[in-house]
Amino acid sequence: MKKIEAIIKPFKLDDVKHALTGLGITGMTISEVKGYGRQKGHTEMYRGAEYHVEFNPKIKIELVVRADMADKVVDAIREAALSGKIGDGKIFVLPVEDVVRVRTGERGEAAI
Amino acid sequence: MKKIEAIIKPFKLDDVKHALTGLGITGMTISEVKGYGRQKGHTEMYRGAEYHVEFNPKIKIELVVRADMADKVVDAIREAALSGKIGDGKIFVLPVEDVVRVRTGERGEAAI
Amino acid sequence: MKKIEAIIKPFKLDDVKHALTGLGITGMTISEVKGYGRQKGHTEMYRGAEYHVEFNPKIKIELVVRADMADKVVDAIREAALSGKIGDGKIFVLPVEDVVRVRTGERGEAAI
Amino acid sequence: MKNSATSRTKRFWAGAAALAGVMLAGPAAAEEAASAGETMIQLAYSLDTFYFLMTGALVMWMGAGFAMLEAGLVRSKNTVEILTKNIALYAVACLMYLIAGYNIMYGPGLSSFIPGLSFFLGAEHTADAILKSGGSITHSKMADFFFQVVFVATATSIVSGAVAERMKLWSFLAFAAVMSLVIYPVGGYWHWGGGFLKALGFVDFAGSGVVHLCGASAALAGVLLLGARKGKYGPDGRAKAIPGSNLPLATLGTFILWLGWFGFNGGSELMISNIKEANAVSMVFVNTNTAAAGGLVAALLLAQFWFGKADLTMALNGALAGLVAITADPLSPSPVVSTLIGVIAGLIVVASIIFIDKAKIDDPVGALSVHGVTGTFGLLAAGLTNPGGSVLVQLTGIGAIFVWTFAASFVTWMALKKTVGIRVSEEDELAGVDLAECGLEAYPEFTRD
Amino acid sequence: MKNSATSRTKRFWAGAAALAGVMLAGPAAAEEAASAGETMIQLAYSLDTFYFLMTGALVMWMGAGFAMLEAGLVRSKNTVEILTKNIALYAVACLMYLIAGYNIMYGPGLSSFIPGLSFFLGAEHTADAILKSGGSITHSKMADFFFQVVFVATATSIVSGAVAERMKLWSFLAFAAVMSLVIYPVGGYWHWGGGFLKALGFVDFAGSGVVHLCGASAALAGVLLLGARKGKYGPDGRAKAIPGSNLPLATLGTFILWLGWFGFNGGSELMISNIKEANAVSMVFVNTNTAAAGGLVAALLLAQFWFGKADLTMALNGALAGLVAITADPLSPSPVVSTLIGVIAGLIVVASIIFIDKAKIDDPVGALSVHGVTGTFGLLAAGLTNPGGSVLVQLTGIGAIFVWTFAASFVTWMALKKTVGIRVSEEDELAGVDLAECGLEAYPEFTRD
Amino acid sequence: MKNSATSRTKRFWAGAAALAGVMLAGPAAAEEAASAGETMIQLAYSLDTFYFLMTGALVMWMGAGFAMLEAGLVRSKNTVEILTKNIALYAVACLMYLIAGYNIMYGPGLSSFIPGLSFFLGAEHTADAILKSGGSITHSKMADFFFQVVFVATATSIVSGAVAERMKLWSFLAFAAVMSLVIYPVGGYWHWGGGFLKALGFVDFAGSGVVHLCGASAALAGVLLLGARKGKYGPDGRAKAIPGSNLPLATLGTFILWLGWFGFNGGSELMISNIKEANAVSMVFVNTNTAAAGGLVAALLLAQFWFGKADLTMALNGALAGLVAITADPLSPSPVVSTLIGVIAGLIVVASIIFIDKAKIDDPVGALSVHGVTGTFGLLAAGLTNPGGSVLVQLTGIGAIFVWTFAASFVTWMALKKTVGIRVSEEDELAGVDLAECGLEAYPEFTRD
Ligand SMILES: Nc1ncnc2c1ncn2[C@@H]1O[C@H](COP(=O)(O)OP(=O)(O)O)[C@@H](O)[C@H]1O
Ligand SMILES: Nc1ncnc2c1ncn2[C@@H]1O[C@H](COP(=O)(O)OP(=O)(O)O)[C@@H](O)[C@H]1O
Ligand SMILES: Nc1ncnc2c1ncn2[C@@H]1O[C@H](COP(=O)(O)OP(=O)(O)O)[C@@H](O)[C@H]1O
């Protein structure tokens, strides 16, 4: 099993979610994060003093999938999250050793 | 060492925390996330127009433990987080290669 | 490639960010988390009733780096995040199998 | 009807004009002087009416104060519902009081205990009647209704805070309707409507009893039948703190109430158009302000000494406690005595909130303590400070208002409980009543739900 | 000039003093009586002026109401800009109306259709002129300006809500300037300025048409040229909900507007210093309040039955709908009829909001429905309730105000669109106009942006 | 005492009634006319008292304005404490002024420099004294106290904003007590109390100097002893922006202040009951409004040109700057000149905020610029616009108020610093003063702490 972590632009969330459910994915977890990267932040003035917003708002999507699904999922996210502009984000693939579904106690792939 | 990530229902946080401290766990990190899964969201009306809330609020607990503790920890979380209703959440186990305690510079299991 | 996850005190974020960019790191993702650990929370009174704040606000920094950078990054974070007081946080190192840059489709180390 | 500044309707009272322009001849003097007298009655009537309308508007504004105070002291997941309750109860109270409440309270009664029943507002005073009365009809009947109607809304607002975060919206509004149609007017009739409390010499200038104790008694009945919020008391029975979600709103609400109280007490003098009355209204303003100030400072200091921290919410309750307490008699005591009354009320309210909390009576905003306990204290204090007051009579009044309101409310709540239910489901309470009842979130973008 | 209580300037009108002290002798009586008449004129003038200033202050306060209402109903990323628009439009409207708007509206016109043009305020009424008028000049010219200027700000405030979340700040303020300098004053001239609508017998007591329909018509022109917010309508054309970010603010805004409306309608009687006028103002207060209450309850019930949930924002709009509708004639109907007018307005507004939403006219706060649709309804109702009213004349007035305001606004918006543009870039809209236009975030610490 | 509409106490002034009913006979005419005169004095006294109470209530409301403005401009972790400071300082100021402050300011002085000392309020004016004075005692002493007490709270409110986010709560309140007991009253005595500034012909209608410059001078002393907030100035010495956490609150606060200012300036005319006074009050309302509008627009435009963005917080400060500046003389200038004064104040305040920021004087809300710098400007402008004004005298007054307030405040702050300390610990400042001082969070559910 693999854990896919994708950092995307917030307004792409809907598209990515559709792409994933299109693949038959039934679960994912998202959170709000801030990203620092090649996409620079912006500088604003507040009462005449500058302030730099170096971190851009991003959404992090985490989902655990069967190992054989990982590539398809990564591709689907990539396509859906793509705007072509800097700051589109990253996808990371991590190994997962076990999964448990709290409700049923199922473990492993059955629990995903 | 293993990293345990658990996605649970927010109102179960207290119980899970108690279960973990009962096992002698001394550290964990939580964050607020939103989950998409079999537990469907809900549809509301705002000024006559529908809106779908597809993501349910969840709490993510992350903790790194000695490998030999992993199973006990997973079981403890499972038990404490169980309500039996759909949406109870998932527990993931990931491998961890190293741990550092910032304050002391200790590494590995000593740093947990 | 490695994923470094650091839990630090919020007011140390700026220093850590500087340390990392000093190493040539060009990307990272942060989020707000709450930590439970040796640093105890505090007890307050609200209208005469006690309430315990057991979780302290922390910042989680996540970044994926080339494997050979991992040690340098860990050290840099450690140094910058150190205040010497309890609650300074933890750094975890996890294995990463693949990275994709959404914008370009690059994979692996090139995508970091 | 609105119009430009240039083409106005002629003044109604030609007397003054005549006096100003023509009157230099002797014989007509006396006749015209009659006109002058009439003009003065008209002016005084206008001034008193205007004073009523302005102070009434300030009391109406208290509705916003309660809404903000309560919205600030509940959790964000229950905020929309408390806002809906507050603004809707104001509307419901206005309509019920218009239908019959006002008449029950101020119409001719059957006996000094049993008020009469009639519907809708009677006719306005005619100019003729006013002039003939020689000025003893001092203000418009409609202005009087307006001033009174905002009071009933205040009484009902008190209830919403105490039952917050777990009561069904529509059951609450049904109760609000009954309360403003019958429960409050009957108690009001006994005193301000000329019933037996009036006859006894009960002292309650602007409603420490008629309004505040009444609201708190109704709330108490509701709270007892409703039970505490889930999670308020731990398995060990200890009260847990459930912090309010937005303290700037709570502070704003208190400021609004403080401001509105100048209307509440200041308008209750009912007349301002001569020196004595103007002085009285001024004294009421000063005493109202100083009692609130005393209450705030005392509660803040007590919180600091007791908890080691300057609990803002206790300070807010302290100010309100001072206001409620002085309401029973803001006219007779000197400003210094009023300050003391406020100080004592501020101390009492902190102790009372903690005591009630420990007694497992769950009142999220402290309404029972602020309006009930310090209202009672204020009435007793008025028995001492008011030259015509008597502690015994005050106790009678307190008892009468409490027993009637509590009993009538209990029956009403019970009827609602047995039929439509008064408490939301456990699941809805956990998720927050906002989504379940209103389908909305107060802060959809920021709440960590 | 401010000073201690001890050393005051002598009273201007020595007449009263003389009367009080000296006048026991016969022969001078008549002469002194003239003085008494003058004193009464002075008193009445002072009372009416004071009444104007107080009610005007209440209307000014409505600016805060619109600001809070709109800030609560937009997303947090567009909140700073809507706040900036609201407070800046108030300032702009005040300045434009001072420069020429007031004179256009109330100065001598060229014909009953075409107003005159002049600049800045004329001189204040002199005491001599007032006394000579025998009291038919009832209040200060400056107080009149103050009362009128807050009305133009209200009309302009209506626009900002409808075009929220996508219109450029400075283009909006430019429009606000034109609207308060010309568009609103011309329509106002036709009725309150003594133009042809006045002559026809058009009934619009405090501005259901002159102010509210005018604001909504200007808004409609803007919305049509501007288009819907990005994401408001899905690819399938269905309207999506875009929840407001801060409902306590929206509720507070409604309470503020409700309070301010007592000034809006109550002050529009223009005089209070005799029995008839005082009674009229009181009636206006009661009817204004009860119509709002009726509107709120009706809208809340309708929402409950229609959507299954008690939508707070609909209740708020319902209260405002009742207020707008009764504004056309808050004096002639009885309180019960006023309640009914409010109830109908509350029902209409819910239906209208949904209809307009479905018609793909994107109005984030419901301004078109609240001010336009129920304003029109109120004017028609006034044609029936007002003894001098005629539905035909009302229709003429509605048509005239709508056509003029819509056309003039359309041309203005179009000119802005063709030159500086009226809509922010797609990117800025996505990121929120706050950062792009104001460089600030409303809640920099909590927004999940 | 409150009662039903039916059983009223007879009117106090029987004169009018008599006139209306009986007076058709000739011989008694003169005698009754005396009664008429007395009635008119009573009416005027009532009207003026009512006007005082209403405008005083508006000034009291400014306390809420400062609280909201400051709560909106600080970070959320310091919000509870600033709220506590604001509402508690109001209470403390009221009590201190009651104890002796009012008497120091308005009681008989020892010399034109040194005020006298006495405690608590004297007796109210009796009807006899008023009637005998022939109407030159124009309003209730209690109303006067009420109006004055809300002014001292305003002066003290100014301080809290400048020292926000780092000053200890109780040290601040201790300072507030000293300020309202002594510091403010002494300066006030010099001018409004009839001291040497009055004698010199200093022009300060409603307190650009006595209130606003005084508040700012006290704040400056505090800020200098306190130092900047941690993190406000980078290692390179450059000022860093620390954005305010809730701009809707800041905007609401400004609207509240704007509204309250009609009371602040409008009430400072002190009388309204004749044509001249009514006209004056009206002029004051118009000028106050237009100066604020001018200030807002000017500051917003300057921010747009200077920073490239329409900084809402600067617009808010611009409106307040216009208000502060016109306060020195809102009566003599025409509305156009008042607009200009507002415009200049709006420009000055933006520049001043930036300058003071660069000078490393850390003032989170801009209080020094808004109240100090534009207060000074307003006083100088009044030296030119007021017919009796002199720039030299104005400079003397400015100097006197500044030197006295600054010195006395400095000593007080220093004494506090040396004893209990005035600054919270670094750790508490980092974590936010709310938890350390009040044990509460303003928004416990949403803050990203
Ligand atoms: N090495 C990294 N580790 C973790 N997150 C990263 C890393 N590099 C980039 N990110 C995340 O991806 C986002 C986009 O990266 P950025 O460099 O701005 O654009 P792009 O991916 O288009 O080159 C960043 O805002 C950050 O959240
Ligand atoms: N494959 C997954 N990857 C990551 N998170 C998941 C995954 N499946 C479920 N989750 C998380 O677990 C939560 C509960 O899952 P859900 O399918 O609703 O219920 P259940 O686990 O009871 O079947 C989801 O809301 C989501 O946050
Ligand atoms: N085993 C763990 N797993 C995950 N997070 C942890 C773990 N232990 C500590 N943390 C995080 O590190 C933070 C600091 O830990 P703490 O024990 O308080 O101090 P220290 O690291 O200085 O001993 C905690 O608040 C928590 O967020």
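Residue numbering restarts at 1 for every chain, and letters A, B, ... go by the order of the sequence lines.
Nearest heavy-atom pair across F:A299 and F:M314 is CB-O, 3.4 Å. Listed here is the closest heavy atom pair of F:Y45 and F:H139: CE1-C, 3.4 Å. In plain terms, the two heavy atoms of E:T156 and E:A176 that are nearest each other are CG2-CB, 3.5 Å. Listed here is the closest heavy atom pair of E:S160 and E:F172: CB-CZ, 3.4 Å.
Looking at F:L47, only its side chain comes within 4.5 Å of chain E, counting heavy atoms on both sides. If you measure heavy-atom distances from F:S334 to chain E, you find no contacts under 4.5 Å at all. Interface remark: E:A93 contributes no atoms to any contact with chain F (heavy atom separation under 4.5 Å). Proximity to chain F (any heavy atom under 4.5 Å) is shown, for E:V150, by neither the backbone nor the side chain. Of the atoms belonging to E:L435, it is backbone heavy atoms, and not side-chain ones, that fall under 4.5 Å from chain F. Heavy-atom distances place both the backbone and the side chain of F:I272 under 4.5 Å from chain E. Looking at F:W61, only its side chain comes within 4.5 Å of chain E, counting heavy atoms on both sides. Using a 4.5 Å cut-off between heavy atoms, F:F262 touches chain E through its side chain atoms alone. Of the two parts of E:L121, only the side chain, counted from C-beta on, holds a non-hydrogen atom closer than 4.5 Å to a non-hydrogen atom of chain F.
E:F66 and E:Y90 have their aromatic ring centers separated by at least 6.0 angstrom. F:Y189 has its ring centre no less than 6.0 Å from the ring centre of F:Y106.
Note on F:L252, F:T313, F:I256: by heavy-atom pairs under 4.5 Å with chain E, the leading option is F:L252. Annotation: maximal heavy-atom pairing with chain E below 4.5 Å, among F:L249, F:N289, F:V297, F:T290, occurs at F:N289. Of the residues considered (F:P248, F:A278, F:P243), F:P248 shows the highest number of contacts with chain E, using heavy-atom pairs under 4.5 Å. Chain E forms the most heavy-atom pairs under 4.5 Å with one residue out of F:L301, F:N287, F:T55, and that residue is F:L301. The candidate from E:N246, E:T79, E:I130 with the greatest count of non-hydrogen atom pairs under 4.5 Å with chain F is E:I130. The choice from E:F120, E:F146, E:F145 that makes the most heavy-atom pairs within less than 4.5 Å of chain F is E:F146. When each of E:T49, E:L440, E:I87 is checked for heavy-atom pairs under 4.5 Å with chain F, E:I87 comes out on top. Chain F forms more heavy-atom pairs under 4.5 Å with one residue of E:G439, E:A91, E:C438 than with any other, namely E:C438.
Rounded to the nearest 0.5 Å, atoms OG (E:S157) and CG (E:L89) are 4.5 Å apart.
Contact of the F:F147 side chain with the F:D144 side chain is not registered, since no non-hydrogen atoms from C-beta on lie closer than 4.5 Å.
With E:E437 contributing its side chain and E:L169 its backbone, the two residues share a donor-acceptor pair below 3.5 Å.
There is no side-chain donor-acceptor pair under 3.5 Å between E:S282 and E:N279. Side-chain atoms of E:Q148 and E:Y102 form no donor-acceptor pair, as typed in the model, at a separation below 3.5 Å.
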